[in-house]
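Order of the sequence lines fixes the chain letters, A, B, ..., with proteins taken first and strands second; residue numbering starts at 1 for each chain. All of these numbers come straight from a predicted model, not from anything done at the bench.
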Protein chains: 2
Amino acid sequence: MKATMKDVAALAGVGVGTVSRVINGIKVKEQTKDKVESAIEILNYERNEYARGLKKNKTNTLALIVPTIWHPFFSEFAYYVEEELSKEGYKLYLCNSNGEADKEKEYIQMVKQNKVDGIIGVTYSDIDKYVSANLPFVSIDRYFTEDVYYVTSDNLLGGKIAASELIKRKVQYPAYISSVSKYKNETLKRYEGFSEYCEDHNLSVVKLMVDEPRVNFVQQVEQFLIEHPEIDGIFAVNDLTALDIIKVLDKLERKVGEDIQIIGFDGSKTALDQNYLLSTIRQQVDKMAEVSVQNIIKLIDGNEVPKRVMLPVKFVEGYTTKKNIDIIEK
Amino acid sequence: MKATMKDVAALAGVGVGTVSRVINGIKVKEQTKDKVESAIEILNYERNEYARGLKKNKTNTLALIVPTIWHPFFSEFAYYVEEELSKEGYKLYLCNSNGEADKEKEYIQMVKQNKVDGIIGVTYSDIDKYVSANLPFVSIDRYFTEDVYYVTSDNLLGGKIAASELIKRKVQYPAYISSVSKYKNETLKRYEGFSEYCEDHNLSVVKLMVDEPRVNFVQQVEQFLIEHPEIDGIFAVNDLTALDIIKVLDKLERKVGEDIQIIGFDGSKTALDQNYLLSTIRQQVDKMAEVSVQNIIKLIDGNEVPKRVMLPVKFVEGYTTKKNIDIIEK
DNA sequence: CTGTTAGCGCATTCAC
DNA sequence: GTGAATGCGCTAACAG
């Protein structure tokens, strides 16, 4: 049936230890190495990962928890995480939590059972009590406690940039629209930055914050916009929300990019490709993934990494904000 | 440190065998069962999956190979696969192949090494030589050989429906635009169905098929549309391509949905949400995922499943085709 | 440098 | 019903 190390050792006329050494790249006499390798070849030997894991307590496997891989931001993030991990010789488990703590707990169990070495998680549930300080866990976009490592974009700055770009384009009545999870996360900073900047420029922000899970989101947006006809600039918590809002604006026959300007957040490539039109605050998804992966691997290996990493963002102009500001400004 | 079965057995005052039985739900006297369970509780015991895997040679883990999780169709598919798998108590490895056979081979190795029990693959490379008949492998959207199980949408019918919907809307000069992989896959059927139906209605279709990987795709589309100004209806190989084409049409100032109609393919929810406007042929992604998962699990368990499953598709009307056909038809 | 050996933690005989 | 014993395939420590 399936060849084991013993078979290989027998065929090569050496001990199992030697076979193990060859496989793991530990120095062995060239000649014996050749013998072993050809035996491996002949028997079509493949190492059994279970036996190995049992000894080494190391799986070279990570889990990625996202609310849903459906969301373009998460799927782009997952893409980069897997790519980076693959370079490092790691495999990736994918978990859609749907915001349910249960499933997240399950994966935390897995690291305890040695099924995975660590977790990268975009978790919007109250998972924090389960992640202990010595559990390799890197949180994305969410601050738990001092113990939990996290990497995030500079959401505060993003909010400020959005405000500044809108104000630059003569927006007088800025609005912020978002859906909010009952669990605190970094997206709240987008609002903070936005309103702070607006207030500094003597503009007050009207806001709509819909509780998650979103029900009748579109209707609520519509009502909000009808109640506040003066709004001429909107900052949306993310691109998908921005697109939903645009839908409503279309329906209300407000000319987006002219009568009313809108800026999203994320700028993940999928969304941009599909909606080349949306002005947005772009997060460096690739970088986030890279840093997350590098950090968690270092954590697994017992090295020090910064508790917190914050990545810059930048404005990407689309067609939902006014062009040629220079001309406008004249 | 970490509690093992031995510890539990010691604390409960029973043998390890009994502990094992309790854990695996094999009948044990109620009383001893309770003892064991409370010992497990106290010691916070968790089964080591590696030791278990070593014995059982079963991992309850599957791999999903997609070209890139980025693509909304694949990310939606991945979502449903993971969801379905989760119900069945399976874990999912995610692999972005980027169309490279190497990475796909690596995962096939993994099933041989008992790291995964089976693979669901959307593979556009010539992986077929590596998947043997007894390897649990379900292919999506691609026919290999008689040996390989696959599930796909009814692409031929989809093409026909697209043609019929366009013709119903008075299209006279239908076109088909696509990018094509050098490896045969089921998407070619979309063209077949489309052109077949058109020809049956005495319309000849002009087509643009750009080789993958796409370089200068947009430019090629633009040139194609300029060279064929008569085109008044387009069927695109998928939604993303349709959106790219719309971009070009916008640039050329052709009024989409009026001067020129366009139908995409996929209708995955993400794309629809973001582009509520696109008329498309909708695949039942959830169903595809469900069937794939059920079939591969059956295969793993050694049961019979149909070699080939073909799922129906349907037209979903957006704003890129004419509305109120009745009125038009009068 | 290399062969031998002792577990890793569990499931599964086999006796009792 | 249940405890004890055997090995799954591998790595690492040890002895040569």
Check whether any side-chain nitrogen or oxygen of A:Thr32 sits under 4.0 Å from OP1 or OP2 of C:dT2, and answer yes or no. yes
OP1 or OP2 of C:dG3 less than 4.0 angstrom from a side-chain nitrogen or oxygen of A:Thr18, does that happen here? yes
Counting C-beta onward and ignoring hydrogens, is there a side-chain heavy-atom pair between [X] and [Y] closer than 4.5 Å?
X: B:Glu304; Y: B:Lys298; answer: no
X: A:Tyr79; Y: B:Ser75; answer: no
X: A:Tyr93; Y: A:Tyr107; answer: yes

Note down the inter-axis angle between the two ends of the helix from C:dC1-D:dG16 to C:dC16-D:dG1, five pairs each, to the nearest 10°. 40°
Give the rounded distance in Å between these two atoms: CG of B:Asp7 and P of C:dC8. 11 Å
side-chain contact (heavy atoms from CB on, under 4.5 Å) for B:Lys87 and B:Glu82? Distances and angles first, verdict last. CA-CA 9 Å; B:Lys87 280 187 211 156; B:Glu82 198 272 340; over 6 Å; no
Output one letter per nucleotide in nucleotides 8-16 of chain D: B when a protein non-hydrogen atom lies under 4.0 Å from the base, S when only the sugar-phosphate is that close, - when neither is. BBBBBB---
So for atom NZ, which belongs to A:Lys105, do other residues, nucleotides or ligands contribute more than 12 heavy atoms lying within a distance under 6.0 Å? yes
For the aromatic rings, using the six-membered ring if either is Trp, is the centroid distance between B:Tyr80 and A:Trp70 under 6.0 Å? yes
Determine whether the side chains of B:Asn155 and B:Thr152 contain a donor N or O and an acceptor N or O closer than 3.5 Å. yes
Less than 4.0 angstrom from a charged side-chain N to a carboxylate O is my criterion; do B:Glu49 and B:Lys91 meet it? no
